[in-house]
2 protein chains.
Amino acid sequence: MARQVCFYHRTDLPGKARVSTRKPYDTPRLPLPDHDRSGMSRASDQAYAKIRAYLLSGEVRAGEQLTEEQLSQITGVSRTPVREAVRRLEDELLLVRSDTKRLFVADWSRDDIEEMFTLRQMLECHAAERAAQRLTREQVGALESVNRSLKAAIDQSPPDVSRFLEANRTFHEVIIDAAHSPRLAQLLAKLVEAPVVLRTARTYSPEDLRQSARDHDELVAAFAARDADWARAVMGSHLRRAFHTFAKTVGPATSDAEARER
Amino acid sequence: MARQVCFYHRTDLPGKARVSTRKPYDTPRLPLPDHDRSGMSRASDQAYAKIRAYLLSGEVRAGEQLTEEQLSQITGVSRTPVREAVRRLEDELLLVRSDTKRLFVADWSRDDIEEMFTLRQMLECHAAERAAQRLTREQVGALESVNRSLKAAIDQSPPDVSRFLEANRTFHEVIIDAAHSPRLAQLLAKLVEAPVVLRTARTYSPEDLRQSARDHDELVAAFAARDADWARAVMGSHLRRAFHTFAKTVGPATSDAEARER
DNA sequence: CGGGCGTTATTTGTATACAATAACGACGCG
DNA sequence: CGCGTCGTTATTGTATACAAATAACGCCCG
């Protein structure tokens with residue numbers, strides 16, 4: 001049980017030499033994204049949250065230029081933590097830099113969105129497959145419970161969309177966690193974050209919501225049966241349909257040849 | 001053909017109001033990783049390159065703690081660009097932060113490596129499939145040419161490993177480019193970078209190298225035939241074998257249950 | 001009227017000083 | 001002797017000033 005730790009040795013090139021033979025701080029093998037980090041205290045985290053909220057608020061249009069100075073004033077912190085936050089948002093593809101390092105609000109085309117959904121599907125199907133082989137009874141129970149909450153949100157009138165989205169997010173997170181593939185989780189985090197921008201304009205039809213709930217129920221059934229193939233298949237159709245309901249609100253498809261000219 | 005640009009409007013909350021109706025700088029839709037960026041001029045880029053070289057040099061051991069101050073002295077720039085560089089290296093999983101933000105050299109377990117190869121295989125098979133449908137005649141020619149260089153590197157005695165690695169890298173890059181999926185490229189970049197750390201200790205058997213070349217030849221054949229399934233299959237076995245030859249030099253596999261206790 | 005060129009102003013990049021946080025070590029108490 | 005507590009030191013985080021890069025503007029010339 002005693003996790004093997006990796007005793008460290010400070011080479012201390014220019015500073016004072018010092019060797020420690022005791023267990024230091026903590027020695028993560030591979031630390032993985034601070035997924036559940038509660039550390040929202042630091043200025044850069046606040047800046048991140050505020051800028052993100054600003055982008056999702058619709059006050060700012062896709063393609064618009066932003067400056068670090070502006071963001072610094074919006075967030076109330078100096079440019080240093082703003083730059084940190086901006087880097088994270090670039091990583092999530094909500095912000096974008098031109099080749100001369102000017103900052104813009106990302107503008108997602110329909111093809112960009114499809115690409116994103118395709119990748120997400122590929123990775124999340126894999127996650128579902130692995131999860132089916134690894135989920136504990138407790139985790140399956142958690143999924144059921146989350147899904148009850150999701151259905152409750154739908155059954156309200158009007159449906160509580162943000163509660164739905166929250167439950168949906170949690171549902172998928174549990175699966176990804178259960179896949180026990182930290183880097184998979186890391187890659188997915190990047191993909192899942194991005195399209196949230198677009199949800200501002202989204203309207204959710206009750207039927208879409210109910211179909212989602214049915215998909216989740218079937219996923220739970222697949223997990224309970226420990227049927228990896230089933231889980232993968234359901235996850236695949238779940239996400240692919242999600243793309244199409246999403247795409248209906250955007251534009252028609254572009255051919256690859258046209259897209260290449262952009 | 002005139003790409004539609006998104007004229008921007010500076011809201012300029014606190015500053016001077018100003019509206020421009022002319023095309024500004026440049027308006028990237030989604031800019032995508034500065035893959036080919038020649039911009040290695042800035043201090044943060046130099047810091048990145050130097051730190052990376054330092055990590056690969058073997059002067060520093062996995063699990064060892066580093067401080068921004070040390071890296072600042074090694075690179076000769078101040079902590080600000082060092083922090084920037086460190087963020088990039090964290091992203092590539094060469095560095096790692098503890099939950100209290102201390103910085104460590106990443107320590108990859110065999111399972112970490114397998115996980116990484118699995119993800120890479122999934123994504124790169126997809127890339128090969130797409131590339132088979134999209135590669136131009138010129139690109140196929142480029143692959144052939146690169147592969148000639150790769151074989152030349154092998155046929156030297158002793159084989160020129162770094163030239164081999166360079167050609168190999170280029171070969172895979174051309175395929176990923178041809179897949180026309182910028183976010184796929186971005187995800188793969190993250191995965192491909194990491195294991196390079198481990199190659200310091202790697203010895204490449206001539207037979208492994210030759211098999212790689214044969215795989216590449218078969219890939220080219222699949223591309224020339226525009227056979228997406230073939231390309232995907234060859235890429236899959238190519239990468240899976242790469243993992244096993246890689247793994248032979250590391251340790252035996254760990255069971256998932258054991259791994260969970262770490 | 002339009003297009004190139006130098007100047008100005010805006011924006012990003014870097015250095016440095018300082019603040020906040022976390023680890024270490026010593027001390028004191030049970 | 002173990003273990004919590006507190007002061008010290010090490011390390012990361014933030015603010016600010018300044019430097020470098022680059023886009024905007026006005027000017028001149030064709």
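The analysis underlying the following values was restricted to heavy atoms, covering all of them including side chains, and did not include hydrogens, waters or symmetry mates. Order of the sequence lines fixes the chain letters, A, B, ..., with proteins taken first and strands second; residue numbering starts at 1 for each chain. None of these values were measured; they are calculated from a predicted model.
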Worksheet item: Is the closest side-chain donor-acceptor distance between B:Gln70 and B:Tyr54 under 3.5 Å?
Response: no
Worksheet item: Looking at C:dT14, D:dT14, C:dT11, which one has an atom nearest to any side-chain atom of A:Thr67?
Response: C:dT11
Item to complete: Side chain of B:Arg97 only, please: which of D:dT12, C:dT12, D:dT14 is the nearest?
Response: D:dT12
Worksheet item: Which whole-number value in Å describes the distance from B:Gln73 CD to D:dT11 P?
Response: 11 Å
Worksheet item: Are A:Arg88 and A:Asp45 within salt-bridge range, i.e. N to O under 4.0 Å?
Response: yes
Fill in: Pairwise distance NZ(B:Lys190) to NZ(A:Lys190) - rounded to 0.5 angstrom
4.5 Å
Item to complete: Using whole Å, report how far CZ of A:Arg87 lies from P of C:dT12.
Response: 15 Å
Worksheet entry | A:Thr100 vs D:dA23: side-chain N/O to OP1/OP2 distance below 4.0 Å | yes
Worksheet, complete the sentence: Rounding to 0.5 Å, atoms CD (B:Glu90) and CZ (B:Arg97) come to a distance of 4.5 Å
Worksheet item: Is it true that B:Arg79 and B:Glu69 make a salt bridge, defined as a side-chain N closer than 4.0 Å to a carboxylate O?
Response: no
Item to complete: Rounded to the nearest angstrom, tell me the gap between atom CD in A:Glu68 and atom P in C:dT12.
Response: 5 Å
Worksheet entry | A:Ser44 side chain near D:dT14 phosphate (N/O to OP1/OP2, under 4.0 Å) | yes
Collect all protein-nucleotide pairs involving nucleotides 16-18 of chain C in which both atoms are nitrogen or oxygen and the distance is under 3.5 Å.
| residue | atom | partner | partner atom | Å |
| --- | --- | --- | --- | --- |
| C:dT16 | O4 | B:Thr80 | OG1 | 3.4 |

Worksheet item: Looking at A:Arg87 and B:Glu84, does any basic side-chain N land under 4.0 Å from a carboxylate oxygen?
Response: yes
Item to complete: Grab the CZ-P distance between A:Arg42 and D:dT12 for me, whole Å please.
Response: 13 Å
Worksheet entry | Rounded interatomic separation in angstrom, taking CZ from B:Arg83 and P from C:dT14 | 14 Å
Practice prompt. Among D:dA15, D:dT11, C:dT14, find the nucleotide with the atom closest to the side chain of A:Val77.
Written response: D:dA15
Practice prompt. Figure out the NZ/C1' separation between A:Lys101 and C:dG13, and round it to whole Å.
Written response: 11 Å
Worksheet item: Does the pair A:Asp107/A:Arg61 count as a salt bridge with the N-to-O cut at 4.0 Å?
Response: no
Fill in: Protein-nucleotide distance (A:Asp99, atom CG; C:dG13, atom P), rounded to Å
12 Å
Practice prompt. May I have the distance from A:Glu69 (atom CD) to C:dT10 (atom C1'), rounded to whole angstrom?
Written response: 10 Å
